[in-house]
There are 2 protein chains.
Amino acid sequence: MHFEELIKTIKERREVMQVTQEALAELSRVGLRTLKQFESGKGNPTLLTLQKLADVLGMEVCLKLKNVTRSK
Amino acid sequence: MHFEELIKTIKERREVMQVTQEALAELSRVGLRTLKQFESGKGNPTLLTLQKLADVLGMEVCLKLKNVTRSK
DNA sequence: CTTCGAAGTGCATTATACAGCTCTTTTTTT
DNA sequence: AAAAAAAGAGCTGTATAATGCACTTCGAAG
């Protein structure tokens, strides 16, 4: 998942859950400004910020192997 | 995956691939100091840094739903 | 014990993420 | 269309991530 996908995933998940940026910001204890920047594609969140958001959205950050089948 | 797990995953993957911190730092274009801090559990890497490292290690950062079955 | 490679740490600098406040723009609701 | 809500953006401190350099620590090999 590259950058844009991760952002999109967070944003879509938030919308599916019908939570506003403001509510998510409060619940995750991430500044509203930070969340706004993140969702609008600006900035480069820290892992901690990403985890705080993901957590509230019932998601988790993970690392998985690419090319399970073959390179390319 | 919480913080420590992510770190552990990166570190173990690097070791399995028999790459030194120095080599990984160069390949991923992440400062050696940054990688060292990260692997020794200090700091809070940005998504970009994490992605650069994961990429070289043939991994990718992703977000997945927790509790697919049920809460807890 | 000495040497060497890899990993970890202290210090300093630069860049930028985080955050709040205010205002504008966009979207939704009535 | 007007009002209200939500999202986006400018300005601005403060905190800290990213980085380089030099030194220390650790483990393996001689």
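Chain A is the first sequence line, chain B the second, and so forth, proteins listed ahead of strands; every chain is numbered from 1.
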Exercise for the section: Looking only at side-chain atoms of Thr46(A), point me to the closest of dA17(D), dA7(D), dA7(C). Expected result: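 Out of dA17(D), dA7(D), dA7(C), the nucleotide with an atom closest to Thr46(A)'s side chain is dA17(D).
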Handout entry: Selection from dG8(D), dT19(D), dA7(D) that lies nearest to any side-chain heavy atom of Arg14(A)
Key =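 For Arg14(A), the side-chain atoms sit closest to dA7(D).
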Does [X] place a side-chain N or O at less than 4.0 Å from the phosphate oxygens OP1/OP2 of [N]?
X: Thr49(A); N: dA17(C); answer: no
X: Lys11(A); N: dG8(D); answer: yes
X: Lys42(B); N: dG8(C); answer: no
X: Ser40(A); N: dA7(D); answer: no
X: Lys36(B); N: dT9(C); answer: no

Output one line per pair: protein atom, nucleotide atom from nucleotides 11-16 of chain D, and distance, for all N/O pairs under 3.5 Å.
unit_1, atom_1, unit_2, atom_2, d
dC11(D), N4, Arg33(A), NH1, 2.5

Exercise for the section: Just call it for Thr34(B): base, sugar-phosphate, or nothing, with non-hydrogen atoms closer than 4.0 Å on any strand. Expected result: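 It contacts base atoms.
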Please name the pair of heavy atoms, one in [X] and one in [Y], separated by the smallest distance, quoted to 0.1 Å.
X: Val19(B); Y: Ala23(B); answer: CG1-CB, 3.5 Å
X: Leu35(A); Y: Gln21(A); answer: CD2-O, 3.2 Å
X: Asn44(B); Y: Leu48(A); answer: OD1-N, 3.0 Å

Handout entry: Between Lys42(B) and Gln37(B): side-chain donor-acceptor atoms closer than 3.5 Å
Key =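 Side chains of Lys42(B) and Gln37(B): no pair found under 3.5 Å.
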Practice task
Return the 5'-most residue of the pair Leu47(A), Glu39(B) with respect to DNA chain C, ranking by each residue's nearest nucleotide.
Solution key: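 Whichever sits nearer the 5' end wins; that is Glu39(B).
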Exercise for the section: Return the angle between end axes of the helix from dC1(C)-dG30(D) to dT30(C)-dA1(D), with five pairs used per end and rounding to 10°. Expected result: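 The two end axes of the helix from dC1(C)-dG30(D) to dT30(C)-dA1(D) meet at 60°.
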